[in-house]
Amino acid sequence: MSDELNYVLQARRDKIAALEALGVAPFAYGFDRRNVAAECVGLLGEAGEGPEVQLAGRVVAWRAHGKTTFAHLGDASGRVQLYLKKDVVGEASYELDLGDVIGVRGPLFRTRTGEVTVKVEHLELLAKSLRPLPFGKEEVVDGVVVRHSAFADGEQRSRQRYADLAVHPEVRALFTARSRMTAAVRGFMDGLGYLEVETPVLQPLYGGAAAKPFITHHNALDMPLYLRIADELYLKRLVIGGFDRVYEIGHDFRNEGIDRTHNPEFTMLEFYEAYADYTVMMARVEALLIAAATAVRDALAATGLATDAPAFDPAVLQGPFARMEWLPSLSSALRVADVTAMTDTELRTAAEHAGVHGLANLSRPKLMDELFQHHVESKIDRPTFVVDYPKELSPLAKPKRGNPALTERFELFAKGRELANAFSELNDPIDQRQRFEAQARLKAAGDEEASGVDEDYLRAMEYGMPPMGGVGVGIDRLFMYLTGTAHIRDVILFPTMRPE
RNA sequence: GACCCGGUAGCUCAGUCGGUAGAGCAUGCGGCUUUUAACCGCCAGGUCGUGGGUUCGAUUCCCACCCGGGUCACCA
């Protein structure tokens with residue numbers, strides 16, 4: 001059915017015409033707001049009648065009783081009940097719809113049932129709602145809000161986030177918590193003397209990760225540009241330039257499938273610190289996670305949301321987090337003395353038992369990685385650092401001092417998922433050139449995820465790159481973890497979706 | 001990409017073993033000056049995801065496609 005013919009929409013449009021005939025402007029220019037809903041309870045205190053308040057917000061509940069009406073006004077702070085009398089506010093202002101944006105003025109009082117209420121003496125329509133918001137009905141049973149006929153279609157809630165937010169205060173609270181978390185992350189980095197920088201989103205060459213890029217075209221330069229898949233190579237250029245500690249929080253773009261943990265654009269925190277090795281970065285990540293968890297806990301504590309999530313777990317809020325070494329923990333999980341001593345056949349058999357797919361094409365290191373994911377990673381619940389990865393699995397990390405078969409790399413896992421990935425960064429331009437060339441050969445052979453040789457980056461390295469530690473943290477996934485959110489689309493305001 | 005589940009009124013859903021569909025809420029009208037899922041009465045509202053097939057007849061059965069969700073694969 002077309003929207004234009006919809007009887008509900010038509011009724012609202014008819015009301016606008018009626019209002020205009022009565023001299024009421026349906027869309028205002030502003031309002032002198034002097035109070036917010038949440039402060040009304042405190043302003044009234046224990047009294048039966050209280051001071052005059054002046055509030056603006058949306059009509060979120062409406063109970064008309066003839067010439068009198070009880071309604072609720074919702075704003076960013078919460079909601080407060082309104083009491084309207086037709087003979088007081090006037091006929092033109094009395095007939096409102098759920099969803100209308102209004103401004104009201106009047107004294108506070110307490111109703112027979114004890115609820116703090118604004119006795120509305122003056123009412124202004126600020127914006128007429130022409131389309132019904134999908135409000136459900138709410139009741140409170142044993143202190144818990146129960147919704148009836150709620151706006152529950154996850155797809156529509158993501159597509160029309162404005163409507164989702166408008167009718168679900170807890171969704172606003174969740175995204176507020178996300179904002180507090182990134183603010184805390186910035187505060188943490190700034191406090192350590194890190195400089196927040198911005199590097200190009202549009203790049204002539206992409207690199208820093210293995211992923212398929214989005215490709216676009218610049219008309220005036222008549223050349224292809226890629227949306228970045230990582231910030232890494234530009235941030236390291238800045239360390240070469242003398243910014244010892246830099247970080248960036250921004251979007252990376254990867255041209256891959258969409259599922260509950262993948263959105264084509266996502267928020268990444270990367271930070272690089274000169275003269276620090278991976279042990280220093282591990283301490284940074286630990287403190288960062290605690291700062292993020294604390295911010296999320298503080299933001300959600302007052303709302304009662306997700307109180308059983310990791311952000312409320314004392315072990316997450318305090319640290320220190322467990323450490324485990326890659327090879328010994330895998331050996332132990334497989335109940336062998338040394339996993340590297342296993343034959344290929346033994347590894348394959350073990351992988352088969354673990355249910356690994358596509359065994360035939362897997363190299364020995366990949367087999368071990370699959371086994372590690374199945375037997376170790378997936379069983380990690382509380383934040384745990386996994387350290388010292390085999391060299392074959394970590395082409396961007398420096399070899400481990402004293403054991404060149406391993407690298408100085410760690411990942412942080414929790415609830416079976418990766419939260420952070422970090423290395424002592426490679427700073428040898430000759431080695432780096434060889435690795436780029438290997439990538440370029442893969443790319444030439446058709447590997448869409450391989451990158452090319454970044455000559456400009458090599459030139460930067462050749463000037464002399466200080467040793468440094470680097471970390472990447474997926475902000476969406478970190479927030480999902482801390483709040484116990486299952487879908488990435490529920491922590492992204494406007495997730496990527498097919499057009500309707 | 002494979003398999004499974006779903007798409008019916010503005011919202012949440014039911015239903016039709018094949019005979020062009022119902023409820024609650026919302027909307028409209030009437031009543032109601034302390035209610036809070038307000039209440040009472042009446043009315044209206046749907047090309048049952050799209051296209052094709054079988055059939056006298058398809059929202060229902062079959063096929064294809066679109067959209068969404070789930071599981072798996074992919075995503076160092």
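Chain A is the first sequence line, chain B the second, and so forth, proteins listed ahead of strands; every chain is numbered from 1.
Comparing rG70(B), rU27(B), rU12(B) against the side chain of Arg260(A) picks out rG70(B) as the nearest. Closest approach to the Lys85(A) side chain among rU33(B), rU34(B), rA76(B) is made by rU33(B) (side chain taken as heavy atoms from C-beta onward). Which of rA37(B), rC75(B), rG68(B) sits closest to the side chain of Lys137(A) comes down to rA37(B).
A salt bridge is absent between Asp431(A) and Lys398(A): the closest approach of a Lys/Arg side-chain nitrogen to an acidic carboxylate oxygen does not fall below 4.0 angstrom. The pair Asp97(A)-Lys15(A) counts as a salt bridge, with a side-chain nitrogen and a carboxylate oxygen less than 4.0 angstrom apart. Checked for salt-bridge contact, Arg409(A) and Asp388(A) miss the test: no charged N lies under 4.0 Å from a carboxylate O. Between Arg157(A) and Asp490(A) there is no salt bridge, since no side-chain N of the basic residue sits under 4.0 Å from a carboxylate O of the acidic one.
For the pair Gln156(A) CD and rC67(B) C1', the computed distance is 10 Å after rounding to whole Å. Rounded to an integer number of Å, the gap from His168(A) NE2 to rC11(B) P is 13 Å. Per the geometry, NZ belonging to Lys67(A) stands 20 Å off P belonging to rC39(B), to the nearest Å. Rounded to whole Å, the distance from CD on Glu49(A) to C1' on rU34(B) is 13 Å. When rounded to the nearest whole Å, the span between CG of Asp153(A) and P of rC67(B) equals 16 Å. Atom-to-atom, CG of Asn421(A) to C1' of rA76(B) comes out at 9 Å; the value is rounded to the nearest Å.
Taking only side-chain nitrogens and oxygens, Lys119(A) never comes nearer than 4.0 Å to OP1 or OP2 of rU34(B). For the pair Arg112(A) and rU35(B), the criterion of a side-chain N or O lying under 4.0 Å from OP1 or OP2 is met.
At a cut-off of 3.5 angstrom, counting only N and O atoms as typed in the model, there is a donor on one side and an acceptor on the other between the side-chain of Arg63(A) and the base of rU35(B). With hydrogens and angles left out, the side chain of Glu115(A) and the base of rU34(B) share no donor-acceptor pair within 3.5 Å.
Base pairing analysis places rG41(B) opposite rC29(B); the two distances defining the Watson-Crick or G-U wobble pair are each below 3.5 Å.
Put simply, the residue from Lys391(A), Lys400(A), Arg401(A) that forms a salt bridge (charged side-chain N to carboxylate O under 4.0 Å, His left out) with Glu408(A) is Arg401(A).
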Counting only pairs under 3.5 Å, give me each side-chain donor-acceptor contact of residues 473-482 of chain A, with atom names and distances, residues two or more places apart or in other chains.
{"residue": "Asp476(A)", "atom": "OD1", "partner": "Thr267(A)", "partner atom": "N", "Å": "2.7"}
{"residue": "Asp476(A)", "atom": "OD2", "partner": "Arg178(A)", "partner atom": "NH1", "Å": "3.0"}
{"residue": "Asp476(A)", "atom": "OD2", "partner": "Arg178(A)", "partner atom": "NH2", "Å": "3.1"}
{"residue": "Arg477(A)", "atom": "NE", "partner": "Thr261(A)", "partner atom": "O", "Å": "3.2"}
{"residue": "Arg477(A)", "atom": "NH2", "partner": "Thr261(A)", "partner atom": "O", "Å": "2.9"}
{"residue": "Arg477(A)", "atom": "NH2", "partner": "His262(A)", "partner atom": "NE2", "Å": "3.3"}

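Rounding to the nearest 0.5 Å places OG1 of Thr384(A) at 5.5 Å from CE of Met324(A).
Remark on RNA chain B: of its neighbouring residues His487(A) and Arg409(A), the 5'-side contact belongs to His487(A), judged by nearest-heavy-atom nucleotide. Residue whose closest nucleotide on RNA chain B sits further toward the 5' end, between Leu393(A) and Thr68(A): Thr68(A).
Distance noted for atom P between rC13(B) and rU33(B): 37 Å (whole Å). The gap from the C1' atom of rG19(B) to that of rU12(B) amounts to 29 Å, rounded to the nearest Å. Atom P of rU16(B) sits at a distance of 14 Å from the matching atom of rA21(B), rounded to the whole Å. Rounded to a whole angstrom, the distance from the C1' atom of rU54(B) to that of rC62(B) is 7 Å.
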Report, one pair per line, the protein and nucleotides 21-24 of chain B atoms (nitrogen or oxygen only) whose separation is under 3.5 Å.
{"residue": "rG24(B)", "atom": "N2", "partner": "Ser149(A)", "partner atom": "OG", "Å": "3.0"}

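Arg237(A) forms a cation-pi arrangement with Tyr234(A), by the criterion of a distance under 6.0 Å to the ring centre and an angle within 45° of the ring axis.
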